[in-house]
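By convention here, the first residue in the shown sequence is residue 1. Heavy atoms only: backbone and side chains are in, while hydrogens, waters and symmetry mates are out. Worth saying up front: this structure is predicted, and the values here are computed from it rather than measured.
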Amino acid sequence: MRKRHITAIIVLVLGSILSYGVFRSQQANAPTWLANHPFHLGLDLSGGSHLLYNADVSQLPAGQVTDSMNALRDVIERRINLFGVAEPTVQVETSSLSGTKQHRLSIELPGITDITKAIAMIGQTPFLEFRTQSAKPQPQTATVDKNGQVQLNANLGDSFVPTQLTGKYLKHATLEFNPSTGEPVVSLQFNDEGTKLFAQITKDNVGKVVAIYLDGQVISAPVVREAITGGQAQISGNFTPDEAKTLVGRLNSGALPVPISLASTQTIGAVLGASAVHAGVKAAVVGFLIIALFLILWYRLPGFVSVIALAIYGAITLTLYKLIPVTLTAAGIAGFIISIGMAVDANILIFERTREERARGRKTTEAIETGFDRAWTSIRDANIGSIIIAIILFWFGTSLIKGFALTFGLGVFISLLSAITITRVLLRALPTFEGKRAGRILFSSGFSRNQRAK
């Protein structure tokens, strides 16, 4: 058995296993490993709520807008996750309307169809507070490093008691660097009332830990080295600049970094989502069957091979959607269907170039190799152009457009590889019936008498 035949068999076996795994993973009590990686459906397919907030950044310096919006996103995302919402999506969006730049926060809550509940989840202001050590002994797992910073992997919940000092007394937090060591530190500035409270707390807890909590979770736990009376404090530790910057954003988000106002709401029921999934899957299956029928009738044996290659391509693509994972929306399904069209286009280019080479008198094996070489530049340029478009759409688009761009771009990239590898491997392994009538019939194309005679 030739090497090309062995390679083709391996491709077919692996493709069959993968296709079977994808199919079985969607059935109840599926034993396949892919069953542990379900498809992640977007809001329009699973049902839920979509909230759009306008952010007022008019009072912020231009250089702080991006950081403040990212901090706002982190606050809202953390608040949503406390309620156990599955796969929430919180994204910062920017648009220009009449020359004015508008900053918005787009929030998708799958499974939450009660708009009132969704708004209540978003509207609650995250709570920042300072706690001191209680009389209860600190757990054995809590450790303090050489810089006086308590390691946050300890179970500190029962070791601290709340104080009156909360985030409402914090003016702002800033990122600075120690001039001697270059170490990043976080500087805090309290208002007048907060200054008095912080002075009293630090005076009473010199040598002890004062923990900073955000939404009930420890974000920093420094040891007080001396009483602080000027309303300013520094949090130092083994921070990287990025970690310190993140901490600043979280501290500043004790209250929302920027005011937000609800611009629009939308509820999508589970019934509508189920019908959208059904319609999308039906469109993909019907489209694939029609394309498969055309390829087999027009290109005959090579067309049949391309159908097998397309099936393997679909299995690979859907598997990656599960493993990455890709959040599928109706637009995302449309992107996948269009990428199938790109995969078909690549196969058609190969077959047409191969047919032209056979018409020039080349043997079938030589025609296949030459046809691939001639088709490659067109396939490469068309697919690279499509991938560039997908990247641009993903970079500048909203969440809906990004879903389309991701599935389309990923599908086109995989189709580019499958057309040059899977289709080529399978075609090379076919018997050519050179010089026989069967070969002329199986490797010709079209329906006319002239086409059949070539």
Side-chain angles (χ1 to χ4, degrees), residues 59-61 63-64 67-68 71 74-75 125-139 142-152 154 156-258:
Q59 303 301 318
L60 292 176
Q64 297 182 14
D67 289 342
S68 297
D74 293 343
V75 170
T125 302
F127 186 58
L128 174 70
E129 61 180 331
F130 292 76
R131 299 185 185 182
T132 57
Q133 285 182 272
S134 65
K136 183 178 179 179
Q138 191 168 327
T143 58
V144 180
D145 62 22
K146 62 181 181 180
N147 296 309
Q149 184 76 13
V150 175
Q151 300 301 306
L152 300 183
L156 305 176
D158 297 330
S159 299
F160 294 88
V161 293
T163 67
Q164 295 181 347
L165 186 61
T166 63
K168 70 178 182 179
Y169 300 109
L170 181 65
K171 272 189 176 181
H172 61 266
T174 57
L175 172 61
E176 298 179 358
F177 291 88
N178 189 309
S180 301
T181 63
E183 176 188 32
V185 294
V186 177
S187 296
L188 308 177
Q189 177 63 58
F190 297 97
N191 60 19
D192 293 339
E193 189 172 358
T195 298
K196 296 177 182 177
L197 287 171
F198 192 59
Q200 187 62 46
I201 291 172
T202 54
K203 180 180 179 181
D204 295 341
N205 291 274
V206 173
K208 298 181 181 179
V209 176
V210 173
I212 303 173
Y213 278 69
L214 187 62
D215 277 335
Q217 297 181 354
V218 181
I219 62 170
S220 183
V223 174
V224 178
R225 297 172 179 174
E226 59 183 0
I228 303 171
T229 59
Q232 294 182 339
Q234 282 190 342
I235 302 176
S236 61
N238 295 322
F239 296 132
T240 65
D242 287 339
E243 290 172 343
K245 184 178 181 180
T246 300
L247 180 57
V248 167
R250 290 182 175 180
L251 288 173
N252 285 329
S253 66
L256 294 179
V258 294

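For Asn205, the side-chain contact (heavy atoms from CB on, under 4.5 Å) criterion is met by Thr132, Ile201, Lys208, Val210, not counting sequence neighbours. Scanning for side-chain contact (heavy atoms from CB on, under 4.5 Å) contacts around Gln232 gives Gln189, with sequence neighbours left out. Taking Ala227 as the reference, Thr202, Lys203 meet the side-chain contact (heavy atoms from CB on, under 4.5 Å) condition, with sequence neighbours excluded. Annotation: side-chain contact (heavy atoms from CB on, under 4.5 Å) contacts of Thr181 (sequence neighbours excluded): Asn178, Glu183.
Across all their heavy atoms, Gln164 and Leu197 have their closest contact at OE1-CD2, 3.5 Å. Minimum interatomic distance between Gly182 and Phe177 (heavy atoms only, all atoms of both residues): O-CD2, 3.5 Å. Contact detail for Thr229 and Ala199: the closest heavy-atom pair is CA-CB, 3.9 Å. Minimum heavy-atom separation, Arg131 to Thr163: CA-CG2, 4.2 Å.
Sorted by first then second residue, the ring pair (Phe, Tyr, Trp, His ring centres under 6.0 Å) pairs that include residues 192-211, not counting sequence neighbours, are Phe190-Phe198.
To the nearest 0.5 Å, atoms CD (Glu193) and CG (Leu165) are separated by 9.5 Å. Taken to the nearest 0.5 Å, the CG atom of Leu188 stands 11.0 Å off from the OG1 atom of Thr195.
The shortest side-chain heavy-atom distance between Pro184 and Leu175 falls under the 4.5 Å cut-off. For the pair Glu176/Thr174, a side-chain contact is recorded, criterion being any heavy-atom separation below 4.5 Å from C-beta on.
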